[in-house]
Amino acid sequence: MTANDVRRSELADNLAAVRERIDAATRAAGRTDEVALTVVTKFFPADDVAALASLGVVDVGENRHQEAEGKHAACLEAGVGGLRWHFIGGLQSNKAAAVARWADVVESIDRPKLVGALDRGAAERDAPLDVLLQVSLDPPGRDQRAGVEAADLAGLAARVEAAEHLRLRGLMAVAPLGEEPEPAFGRLATIRSEFLADHPGADLLSAGMSGDLEAAIAHGATHVRVGTAVLGSRPGVQ
Ligand SMILES: *Cc1c(COP(=O)(O)O)cnc(C)c1O
């Protein structure tokens, strides 16, 4: 076997194990809908993205514009098609228009300033850009991770609805550090049910990672974002 074959079979095994975890969690939650898997490929090379595509992966997630733009171009060049690229990282407004050029879904809108910048970038696309609003699950006064406060969610959603080239598809969240994911995703489910009353069509919920996907699925996640459990430890990251 070549090194490529070895890597591909490792990815295939990891994917099968993650898909099994997702299925088990979906059943345990008494759900009959399907939970989609976004494989987070940040820090890993375009070759891995190509191998994942050949294994049936459609959704891939990236968190840095420059790295992702390069991989997106490399995949196109190599004829790797059919992928949906999710931007899941902190977004600077001066990069937003550039992200709108290669991303199919932007999951991390957390402030009004990004809406206009993304909308201007998305104007050059053939189709509207799908977006999610990133909700903060940090207890008040302790915001370590990005996200809009629940109190400001309705206002941010209204801005996206008013943007001509953006399509509001739902919410995204990351469990806070140093807290059990269960109660955090419980809060998320409450925030989401209020949000859905105003935006019934925006019913995607991106939540859950390698360590906490079961808790997220129990609380209604429609998409989980999994990196480490599929690709292994990220190079240069503990
Ligand atoms: C890196 C990352 C993930 C994947 O995390 P793993 O623990 O490696 O599965 C998910 N969501 C976001 C926002 C990330 O930045």
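Counting starts at 1 for both ligands and their atoms, in listed order. Counting begins at 1 with the first residue of the sequence. No experiment lies behind these values; they were computed from the predicted model shown. No hydrogens, no waters, no symmetry mates; every other heavy atom, side chains included, goes into these values.
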- Would you please determine whether R234 falls within less than 4.0 Å of ligand 1 on a heavy-atom basis? yes

- For atom 8 (O) of ligand 1, closest protein heavy-atom neighbour: T228 OG1, 2.5 Å

- Identify the heavy atoms of S54 and R8 that sit nearest to each other, and give their distance. OG-NE, 3.0 Å

- From D198, V135, D110, residue fulfilling side chain to side chain contact (heavy atoms under 4.5 Å, CB included) relative to L153: V135

- Over all atoms of both residues, closest heavy-atom pair of V224 and A207: CG1-O, 3.4 Å

- If you measure every N/O of G227 against every N/O of ligand 1, is any gap under 3.5 Å? yes

- Message: Looking only at protein heavy atoms, which one is nearest to atom 11 (N) of ligand 1, and what is the separation?
- Response: R225 NE, 2.8 Å

- Step-by-step side-chain contact (heavy atoms from CB on, under 4.5 Å) determination, E107 to R225: CA-CA 11 Å; E107 301 200 4; R225 307 177 305 270; 3.5 Å; yes

- Message: I need the nearest protein heavy-atom contact for atom 2 (C) of ligand 1: residue, atom name and distance, please.
- Response: K42 NZ, 2.6 Å

- Query: Nearest protein heavy atom to atom 10 (C) of ligand 1, by residue and atom, and its distance?
  - Reply: M209 SD, 3.2 Å

- Message: Using 30° and 60° as the class boundaries, would you call the ring planes of H72 and W85 parallel, tilted or perpendicular?
- Response: perpendicular

- atom 12 (C) of ligand 1: nearest protein contact (heavy atom, Å): I88 CD1, 3.5 Å

- Using a strict cut-off of 4.0 Å, indicate which atoms of ligand 1 neighbour a heavy atom of V226. 9 (O)

- Message: In the structure I gave you, are the side-chain heavy atoms of L37 and L15 within less than 4.5 Å of one another anywhere?
- Response: yes

- Query: So, is the end of the R192 side chain (NZ or CZ) under 6.0 Å from the ring centre of F185 and within 45° of the ring's axis?
  - Reply: no

- Nearest-neighbour protein heavy atom for atom 9 (O) of ligand 1, which is reported as residue plus atom name and distance: S210 OG, 2.5 Å

